[in-house]
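In the text below, chain A, chain B and the rest are named by the order of the sequence lines, each starting its count at 1. Everything quoted here is computed from the prediction, not taken from an experiment.
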Protein chains: 2
Amino acid sequence: MTDRPRNPTIIDVAGRAGVSKSVVSRVVSGRGSVGEETRQRVLRAAQELGYVVNASARAMVAHRTYTVGAFVRDAATPFYGHLLTAMQERAAFHGYRVVTATGSGRFEEDDEYRALETLAMLRVEALIVCSGLLPSERILPFAERLPTVVAGRPETHPSITSVYCDEDEGGVALADHLVGLGHREVAVVTVPTSHSVTLGPRTAAMARRLRERGAHVLEIPGSHRETAGAWATEVLRHPGITAVMAPSDRHALALLEQLRLRGAAVPEQLSVTGYDGIGDLTTSLIGLTHWRQPIDLIGGGAVDALVQLLDGEQPPDHHRALPGALVVGRTTAPPAA
Amino acid sequence: MTDRPRNPTIIDVAGRAGVSKSVVSRVVSGRGSVGEETRQRVLRAAQELGYVVNASARAMVAHRTYTVGAFVRDAATPFYGHLLTAMQERAAFHGYRVVTATGSGRFEEDDEYRALETLAMLRVEALIVCSGLLPSERILPFAERLPTVVAGRPETHPSITSVYCDEDEGGVALADHLVGLGHREVAVVTVPTSHSVTLGPRTAAMARRLRERGAHVLEIPGSHRETAGAWATEVLRHPGITAVMAPSDRHALALLEQLRLRGAAVPEQLSVTGYDGIGDLTTSLIGLTHWRQPIDLIGGGAVDALVQLLDGEQPPDHHRALPGALVVGRTTAPPAA
DNA sequence: TTGTATGCGTTATCAG
DNA sequence: CTGATAACGCATACAA
């Protein structure tokens, strides 16, 4: 039952092809030169035996694994799902594998440590950190030992490379959009930067920009989507408010749902904005006005930067900000006169 | 720059702790016995050196990797994202890693082969196949060499274990729901089973059940979501039709969007059903009536079955069907009188 | 071009 | 309880 037949080795192949194992090694690894006739014989023998290179053995002597580790804090969210897909694809292009590690969820404390230890055991050659929650200080210890790039969020520390979409720009663009429509009293669901280094800055930018443009701002603390009902209640208690800005698309959707339950019409009575640009339905069916992040480019760019780092080159941009875009949907309109 | 400092080995640790490498091995692997005092000394030395076990070296001699491979055909879709998360979590619980492989997208042909070869190089101990597209025959060659379980779809072949949510049951439940509401003329967007072993059977079940209950069925071929516009047009051309059943939530959302563009009111004029139960907004904001699959249980169950297989036990259920649930939302209602 | 020998970091077997 | 020593599968200088 469990007596799995041992996998064939280059020695087995060598025996079958009537050559030494060195020759087989050269054939399968593509290095060194072998006679064309011999090569064919080896290839055939390997084929017949179902030989597949053993990555572990290769890694031992090569001191390379061609593997990068992706550390994801909150894996189930669509944003990170897309990011992972983009990274995996780009890594394959460069000849690297991606193994992803994430906290198993239970043990908050040493969870993170265990995840990174797993990656270390695998001898990943570099690290991609995907998390809006993990503070910079927690990343530094790893960045010291491994080339590290942070994807999807700005990172100011000089020893860490990052690829992201500028949060400030998005927040400002959305605020300008609302002010341009004529909104003068706007609620912003804010998240402290200490809680998320992505949601924090973008909501701060929204509020700041609104004030710069002369609008009155009501800040509603909203770290958790589960409390969307409270935001809705709070907003509706201020009849003067004509628009609400959410920290992310998911926050916005939760808010839309709660407003709907309370009978508030969007965008007639209240305009709503999101942030991220995840999922087709956000755009098409819901028509949520939001700031769209170029996730594919972020994931791909992060891998590109990593590969350059591994090749000993310094990436052109240590901190690369990619352009996002304002997507105007059907959840924003001029305020009711 | 690229001169990465060589990772410390058990020999380094042994030297620092003043013992032989055998002792260190016993301490870090937890096998064999060592004096408590010595153990502490070794642990401290390892700590100071930042020693981490080398998984490759360990795998070489242990002939085990504690890694299972997940082969995912279409990774970016929410359904598989959730599934992966669930599997990863459950695998960690059992002490296994999950490395996922997926076609890089470009080369349709040998793409699949390369992905599985990568998994083989890594010497994954088992395979989880997640794909509604991959036909059984393509899976068999791998299942012969590796314990294999198919997640998220039924699989009748005796040498392959599967964990899924019965497609027939869901299709029937949704059809019954519509008939119960009074619908007598219903359109079903169908997908051939040759194209998808999940979407095919469930849409077939819908159509079959509708007919059993005496309803008139219009079957609309709809393999690709991009053609949702055509489905909408087709449906609206038949004024007698009062409901449309889609093969999945995503298909349903695309359809809803197209119906909206054409001014058709849901559910007043037309009822719409989905399938899967992915994403919070499907349920809350859109209120899509659908059949909900227990994705977490499917992912977890697949891993559990795999671990049992690896332990030499025969899983209790060779083909395990998990219960789904009908979720009635706001996109279905009695037909307009 | 081909074969031989050596080492990579661990675990396991066997003496001490 | 501890210490040598032999694999594990592969790549690579080096010799033929």
- Message: Within this structure, what is the CD1-OG distance for the pair I10(A) and S29(A), rounded to the nearest 0.5 Å?
- Response: 9.0 Å
- Note on the structure: Taken to the nearest whole Å, CZ/R41(A) to C1'/dG3(C) is 14 Å
- Message: Is it the case that the side chains of R97(A) and T67(A) hold a donor-acceptor pair, with the cut-off being a distance below 3.5 Å and no angle test?
- Response: yes
- Query: Donor-acceptor pair, N54(A) side chain versus S56(A) backbone, under 3.5 Å?
  - Reply: yes
- Query: Counting heavy atoms not belonging to Q47(B), are there more than 12 under 6.0 Å from its CD?
  - Reply: no
- How would you list, by chain and number, every residue that makes a side-chain contact (heavy atoms from CB on, under 4.5 Å) with I11(B), sequence neighbours excluded? T9(B), K21(B)
- Query: Rounded to the nearest Å, what distance is computed from the CG atom of residue L49(B) to the C1' atom of nucleotide dG9(C)?
  - Reply: 15 Å
- Using modelled atom types only, decide if a donor and an acceptor are shared between the side chain of T118(B) and the backbone of R114(B) within a distance under 3.5 Å. yes
- Watson-Crick and G-U pairing of DNA chain D written in dot-bracket, each distance under 3.5 angstrom, with | for inter-strand partners: ||||||||||||||.|
- Query: At what distance, to the nearest 0.5 angstrom, does OH of Y80(B) lie from OG1 of T100(B)?
  - Reply: 13.0 Å
- Task: Look at the side-chain N and O atoms of S20(A) and state whether any lies under 4.0 Å from the OP1 or OP2 oxygen of dT2(C).
- Result: no
Taking only nitrogen or oxygen atoms into account, show me every contact under 3.5 Å that the protein makes with nucleotides 8-11 of chain D, one pair per line with its distance.
from, atom 1, to, atom 2, distance (Å)
dC10(D), OP1, Y51(A), OH, 2.5
dC10(D), OP1, N54(A), N, 3.4
dC10(D), OP2, I10(A), N, 2.6
dC10(D), N4, K21(A), NZ, 3.0
dA11(D), OP1, R58(A), NE, 2.6
dA11(D), OP1, R58(A), NH2, 2.9
dA11(D), OP2, S25(A), OG, 2.9
dA11(D), N6, K21(A), NZ, 3.4

- Check the side chains of D304(B) and H94(B) for a donor-acceptor pair under 3.5 angstrom, ignoring hydrogens and angles. yes
